[in-house]
Protein chains: 2
Amino acid sequence: MNPLKEALDTLKDTGVRITPQRHAILEYLINSMSHPTADDIYKALEGKFPNMSVATVYNNLRVFREVGLVKELTFGDASSRFDFVTSHHYHVICEKCGKIVDFLYPGLDEVEHLASHVTGFKVENHRMEIYGSCPECASKEVH
Amino acid sequence: MNPLKEALDTLKDTGVRITPQRHAILEYLINSMSHPTADDIYKALEGKFPNMSVATVYNNLRVFREVGLVKELTFGDASSRFDFVTSHHYHVICEKCGKIVDFLYPGLDEVEHLASHVTGFKVENHRMEIYGSCPECASKEVH
DNA sequence: TTCTTACATTGTAATTGTTATAATTAATTT
DNA sequence: AAATTAATTATAACAATTACAATGTAAGAA
Ligand SMILES: [Mn+2]
Ligand SMILES: [Mn+2]
Ligand SMILES: [Zn+2]
Ligand SMILES: [Zn+2]
């Protein structure tokens with residue numbers, strides 16, 4: 001089944017109304033294959049929805065996050081980015097141009113276990129990102 | 001040698017003037033043994049420096065970051081936290097009360113290597129945090 | 001010392017991403 | 001259809017941070 005249809009089913013199951021705006025935001029998240037900001041989405045859809053409020057984008061991204069359809073990525077400096085949730089993965093980020101690349105890695109269970117053991121925390125999850133220069137930016141560096 | 005003295009030497013070596021405000025901010029960062037926000041520092045020092053501007057705190061934290069004395073920690077939602085740099089470590093964070101605990105773990109070199117291999121990035125560093133409930137909050141949960 | 005210049009601090013305004021609020025519109029239930 | 005509930009819109013508010021201009025301070029040259 002295609003991911004959009006599946007996402008819409010999730011909304012239906014959790015009693016969240018499927019509005020044209022929500023449909024469009026989901027569709028954009030899935031098709032863009034990137035990690036857009038709320039503003040990216042807002043701008044991308046202003047052709048189709050000239051009257052949509054930026055608050056609607058934020059509201060709906062929060063709704064999607066709450067039902068587990070999207071993951072919010074927060075990289076310190078700038079604004080949040082949103083990732084349509086497929087399988088669990090990490091991100092490799094270019095510090096020069098900001099490019100974000102998905103990166104699969106088998107879960108770091110051992111780290112979570114050790115952290116729990118050492119600190120006494122009930123560990124739920126973790127985040128990890130890898131930073132560096134993408135091939136394009138790295139090649140520009142050496143000139 | 002004590003860390004404050006060492007930090008002041010670093011400033012001297014890099015040609016950064018040691019002002020009373022800078023001295024006090026560094027001292028607070030080292031002695032508090034925590035991960036304060038800029039505002040925490042500002043409030044903690046307003047007794048000693050009633051006229052210090054919040055801009056001064058931000059300016060100097062940036063200076064300290066640039067010369068490698070402090071690390072800025074950005075956890076999405078709230079404001080940045082600042083960590084006086086000692087040895088490399090990770091953080092375990094309570095999602096209930098916000099407590100932050102240092103956590104030592106041998107470097108995840110393997111992850112960096114694989115990421116570099118798979119994406120072609122020139123990998124520089126990574127970040128990782130572990131999330132869960134601290135012992136106090138976890139015990140409150142089960143009631 | 002006095003003059004000069006560079007750096008630092010202060011107070012405040014501006015900026016940015018995000019959220020809150022109230023009014024309006026749309027969808028669902030009765 | 002009427003009533004109820006949820007969603008959207010427009011705009012104001014907010015909080016963290018930065019920019020800016022004016023003032024203050026310290027080191028170096030004369
Ligand atoms: Mn991703
Ligand atoms: Mn720490
Ligand atoms: Zn790049
Ligand atoms: Zn806690």
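Just so we're on the same page: letters track the sequence lines, and every chain starts at 1.
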How many whole angstroms separate atom OH of B:Y42 from atom P of D:dA15?
15 Å
Between B:N2 (side chain) and B:K5 (backbone), is there a donor-acceptor pair under 3.5 Å?
yes
N/O (side chain, A:R22) to phosphate O (OP1/OP2, D:dT8) under 4.0 Å
yes
I want to check one thing: is the phosphate of D:dT25, taken as OP1 and OP2, less than 4.0 Å away from some side-chain N or O of B:T19?
no
To the nearest angstrom, how far is B:N51 atom CG from D:dT25 atom P?
11 Å
With heavy atoms under 4.0 Å as the rule, sort B:N60 into base, sugar-phosphate or nothing.
sugar-phosphate
Between C:dT19 (C1') and A:R65 (CZ): distance, integer Å:
12 Å
Determine: side-chain N/O of A:Q21 to OP1/OP2 of C:dA26, distance under 4.0 Å, yes or no.
no
From CD1 of A:I18 across to P of D:dA7 the rounded distance in Å is 11 Å
Check if the side chain of A:S53 and the base of D:dA10 share a donor-acceptor pair of N or O atoms closer than 3.5 Å.
yes
No-hydrogen, no-angle side-chain donor-acceptor test under 3.5 Å, B:Q21 and B:T56
no
Could you state the atom-to-atom distance from NE2 of B:H23 to C1' of D:dA26 in whole Å?
17 Å
Measure from the side-chain heavy atoms of A:R17 and tell me the nearest of C:dT28, D:dT17, C:dT10.
C:dT28
Of all the nucleotides listed (C:dA8, C:dT10, C:dT19), which has the minimum atom distance to the side chain of A:Y58?
C:dT19
Which part of the nucleic acid, if any, lies within contact of A:T56, taking any heavy atom under 4.0 Å across all strands shown: a base, the sugar-phosphate backbone alone, or nothing?
base
Any side-chain N or O of A:S80 below 4.0 angstrom from OP1/OP2 of C:dT18?
yes
To the nearest angstrom, the CZ-P distance between B:R62 and C:dC7 comes to 15 Å
Note: for B:A55 and B:V16 on DNA chain C, the residue whose nearest nucleotide lies more 5' is B:V16
Report, as yes or no, whether the 6.0 Å neighbourhood of atom NE2 on A:H113 holds more than 12 heavy atoms from other residues, nucleotides or ligands.
no
Under 3.5 Å, is there a donor-acceptor pair between the A:H23 and A:Y28 side chains?
no
Let me know, please, whether B:P20 or B:A78 comes out on the 5' side of the other along DNA chain D by nearest nucleotide.
B:A78
Is it true that the side chains of A:D40 and A:H35 contain a donor and an acceptor less than 3.5 Å apart?
no
Please report, rounded to the nearest Å, how far the P atom of C:dA27 is from the CG atom of A:L11.
16 Å
Could you state the CG-P distance from A:N59 to C:dT18, rounded to the nearest angstrom?
13 Å
Using a cut-off of 4.0 Å on non-hydrogen atoms, how would the nucleic acid contact of A:T37 be classed: base, sugar-phosphate, or nothing?
nothing
